[in-house]
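Structure record follows, encoded as structure tokens.
We're numbering straight along the sequence, starting at 1. Owing to the predicted nature of the structure, the values given are computational and were not obtained by experimental measurement.
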Amino acid sequence: MAHLEAKPADGTRAGASRNAGRTGGRILADALKTQGTTHVFQVAGESFLGLLDGLYENRSAIRTITCRFEGAAVNMAEAHGKLTGRPGVASVTRGPGACHGSIGIHIAQQDSTPLVLLVGQIPRGDTDRDAFQEVDYRRFFGGMAKWVTQLEDAARIPELIHHAFQVAVSGRPGPVVVAIPEDMQTDTAEVTDGRRHVVPRILPDPAAMAELKRLLGRARRPLVVLGQGAHWTAEGRADLAAWLAANELPAAVGFRRQGILDNTLPVFVGDLGNGGDPSLFAKAKEADLVLAIGSRMGEPVPQGYSLFAPPRLDVPLVHVMPDGGELGRVYQADLPIHADLNAFAAAARATISVEPAWRGWTRELRANRLRWSDEVPAYEGRLNVAAAMKQLEAMLPEDAIVTTDAGNFSAWGVRFINYGPRQRLIGPCCGAMGYSVPAGIAAKVLFPERTVISMVGDGGFLMNGQEIATAFHHGVNPLVMVFNNQMYGTIRMHQEREYPGRVSGTALPNPDFARVNEAKGGHGEVVQETEEFRPAVERALASGRPALVELRMNPDQITTRTTISAMRATAGLKAKPIKKPEAAKAKPVATARGRTGKAAKPKKR
């Protein structure tokens, strides 16, 4: 009955001091609290029972979120890092749990997101015996994580956890993996908790800022490319927006980085990502100065390195990064600036003001963006997804959070929704499917008062859609929007390009997604007509329950720009109607339960 004893406000057991006789599991949980952890996303395992008990003692400060799959738990922690800029924390068990969770480490590494993953480990005395579920985590995670360590001594936990958080947020943010042997968690030690990590801001060199001003003074067609989503603070984004607007500098964002800059500003010109505007790609080649601020200029931004061929651009490149190791990694900058991005934005706003010689250039790029995002094509089919996205744009509250998954479907929201200064869009820049539903749940756990929309394809939903059960468990109600075209759309697009008409391995017969959510006690909607979309979303948001809106799309419309039929015609194949999947033909049922559709009639179940 020890857990029922009265505890002081700091969470210690009655009569205990902060440095006397604590178990490793308790010291570890206390160390997480010291580092500012508010949530731990986990799937329980016997390898970290000591930590779970320590979290019980810290339950007033740290909320333990029980998930259904380790990959989803780490995705939730990664979303936490993206949305807060602080390391998200996840805990998984040894062996299979660590393997499942590794996808979140890869996302955090490629997306530059601060994250700390705690992995249960076998007892220390069994090392190298190929014990049950034994994995050498230094070797397993070594190529993905910024740092991998193992806690061998309970007395060193505060020291190493402090360093883990410091590494996760320093320079280019990223993931850290900490293995926690189960027997270490029951050891006792007398040790103080130490201090919270503090990351000093690297200020830009004044000489470099003067050179940047000189380069801008010579430019006629500059282009700013923004990246590193988790590194930006609200103040930093405000300074950045103010500087760009004051100097009328046209700014594009990298792949799935629309949350960095207010899309409604006259200087926002679109995204350099998969499925972006071809006119922006063409204009990028005409730029006479490129300012990459936080962008690693990885493969998606220069369109497979076709816009700018490494190692040097044909025009001057200014590259601003918080990690000196990223400068010169792909492109050799004419002016590399090693600085904290928020500090750079503040310095630029305060010191760099030029008379824009590029006003016409900026207006041209902005006009292209508005044509791309605001003009809704007359797509074939009963449901015009572009029109639906414009309706959603108008419905979103000013502080809404939208999470997206990987896949062609995501281009609909990126192209046709402009996100305001307080709205956020997050998604897996590394292209990992199964991210959006866990990320949406994490967002709702962190910000229960905000509207959260999780956009996901039918393929991605059936990877981690079961995490809706986690939303029920923890009392949050995100809205999941499933874009259902009954296929792995991105792969089908490539397949039709390389092997037109030879469909193999990409078709997906699906369940009735809305009914699946209803079976869990949630709200379900099916949308097959454009005019059904807004009422369905309104009912879903008003339900107060975890809700799902399934969009049954025209399967021929493979991207926002082309159709499968057009791709086959280009390849010289005789046009054939694209067979509509069976689920897309299904008639909606039970309008009284929130289902929609023409001629729908209530049915008994």
Does Phe141 have any ring-ring contact (aromatic ring centres under 6.0 Å, His included) partners at least two apart in sequence or in another chain, and if so, which? none

Is any side-chain N of the basic residue among Arg26 and Asp53 closer than 4.0 Å to the acidic one's carboxylate O? no

Can you tell if the side chain of Ile103 reaches within under 4.5 Å of the side chain of Tyr435, non-hydrogen atoms only? no

Sequence neighbours excluded, which residues qualify as side-chain hydrogen bond (donor to acceptor under 3.5 Å, both in side chains) partners of Gln423? none

Measure the shortest side-chain to side-chain distance between Asn58 and Leu32 over non-hydrogen atoms and say whether it is less than 4.5 angstrom. no

Name of the residue among Thr403, Val402, Asn75 meeting side-chain contact (heavy atoms from CB on, under 4.5 Å) with Ser436: Thr403

Taking atom types as modelled, find out whether Gln121 and Ser47 have a side-chain donor-acceptor pair closer than 3.5 angstrom. no

Any side-chain heavy-atom pair of Arg22 and Asp193 under 4.5 Å: yes

Partner residues of Phe308 under the ring-ring contact (aromatic ring centres under 6.0 Å, His included) criterion, sequence neighbours left out: none

Which residue pairs pass the side chain to side chain donor-acceptor pair (under 3.5 Å) test with at least one member in residues 292-301, sequence neighbours excluded? none

Any heavy-atom pair between the side chains of Val437 and Phe461 that's under 4.5 Å? yes

Salt-bridge present (Asp271, Arg257; N to O < 4.0 Å): no

Test Thr23 against Thr186 for side-chain hydrogen bond (donor to acceptor under 3.5 Å, both in side chains), laying out the working first. CA-CA 5 Å; Thr23 65; Thr186 60; over 6 Å; no

So side chain to side chain donor-acceptor pair (under 3.5 Å) across residues 167-185, not counting sequence neighbours, yields Arg94-Glu182, Ser112-Arg172, Arg124-Asp183, Arg172-Glu326

Which residues satisfy the salt bridge (Lys or Arg N to Asp or Glu O under 4.0 Å) test with Glu235, sequence neighbours excluded? none

With sequence neighbours left out, the residues meeting salt bridge (Lys or Arg N to Asp or Glu O under 4.0 Å) with Asp126 are Arg129

Atom pair CG (Asp187) and CG (Leu151), whose distance is rounded to the nearest 0.5 Å: 11.5 Å

Kindly list each side-chain donor-acceptor pair under 3.5 angstrom involving residues 341-349, sequence neighbours excluded, with atom names and distances?
residue: Asn342; atom: OD1; partner: Thr233; partner atom: N; Å: 2.9
residue: Asn342; atom: OD1; partner: Thr233; partner atom: OG1; Å: 3.1
residue: Asn342; atom: ND2; partner: His231; partner atom: O; Å: 3.0
residue: Arg349; atom: NH1; partner: Asp239; partner atom: OD1; Å: 2.8

Quick check for you: to the nearest 0.5 Å, what is the distance between Phe41 atom CZ and Glu467 atom CD? 11.0 Å

Output for pair (Leu291 CG, His319 NE2), nearest 0.5 Å, gives 10.5 Å

I need the full list of ring-ring contact (aromatic ring centres under 6.0 Å, His included) pairs touching residues 89-135, with sequence neighbours left out, sorted by first then second residue. Phe69-His100

Apply side chain to side chain contact (heavy atoms under 4.5 Å, CB included) to residues Asp111 and Glu78 and explain how you reach the verdict. CA-CA 9 Å; Asp111 291 22; Glu78 199 275 349; 3.9 Å; yes

Not counting sequence neighbours, which residues clear ring-ring contact (aromatic ring centres under 6.0 Å, His included) with His162? List them please. none

Less than 4.5 Å apart, any side-chain heavy atom of His39 and any of Val89? no

Any donor-acceptor pair under 3.5 Å linking the side chain of Thr490 with the backbone of Asn408? yes

Would you call the rings of Tyr331 and Tyr305 parallel, tilted or perpendicular, where under 30° means parallel and over 60° means perpendicular? tilted

Would you check if Trp243 and Thr351 make a side-chain contact, meaning some heavy-atom pair closer than 4.5 Å? no

Go through the structure and list residues passing ring-ring contact (aromatic ring centres under 6.0 Å, His included) with Phe409, not counting sequence neighbours. Phe483

Rounded to the nearest 0.5 Å, what separation is found between the CD1 atom of Ile417 and the CD1 atom of Ile453? 9.0 Å

What pairs meet the side chain to side chain donor-acceptor pair (under 3.5 Å) rule with one or both residues in residues 441-453, with sequence neighbours excluded? none

CG (Leu317) and CG (Leu289) are apart, to the nearest 0.5 Å, by 8.5 Å

Set out, in order, the CA-CA distance, both residues' side-chain angles and the distance that settles salt bridge (charged side-chain N to carboxylate O under 4.0 Å, His left out) for Arg312 and Asp334, then state yes or no. CA-CA 9 Å; Arg312 288 185 61 82; Asp334 298 81; 3.1 Å; yes

How about Ile161 and Leu28: do any of their side-chain heavy atoms sit closer than 4.5 Å? yes

Candidate list Thr34, Val191, Thr192, test side-chain contact (heavy atoms from CB on, under 4.5 Å), partner Pro158, passing option: Val191

Rounded to the nearest 0.5 Å, what's the gap from CZ on Arg156 to OG1 on Thr149? Could you check? 7.5 Å

Just to verify, which of Pro428, Pro300, Cys430 counts as forming a side-chain contact (heavy atoms from CB on, under 4.5 Å) with Arg256? Pro428

Using side-chain heavy atoms (C-beta onward) and a distance below 4.5 Å, is Val414 in contact with Gln258? yes

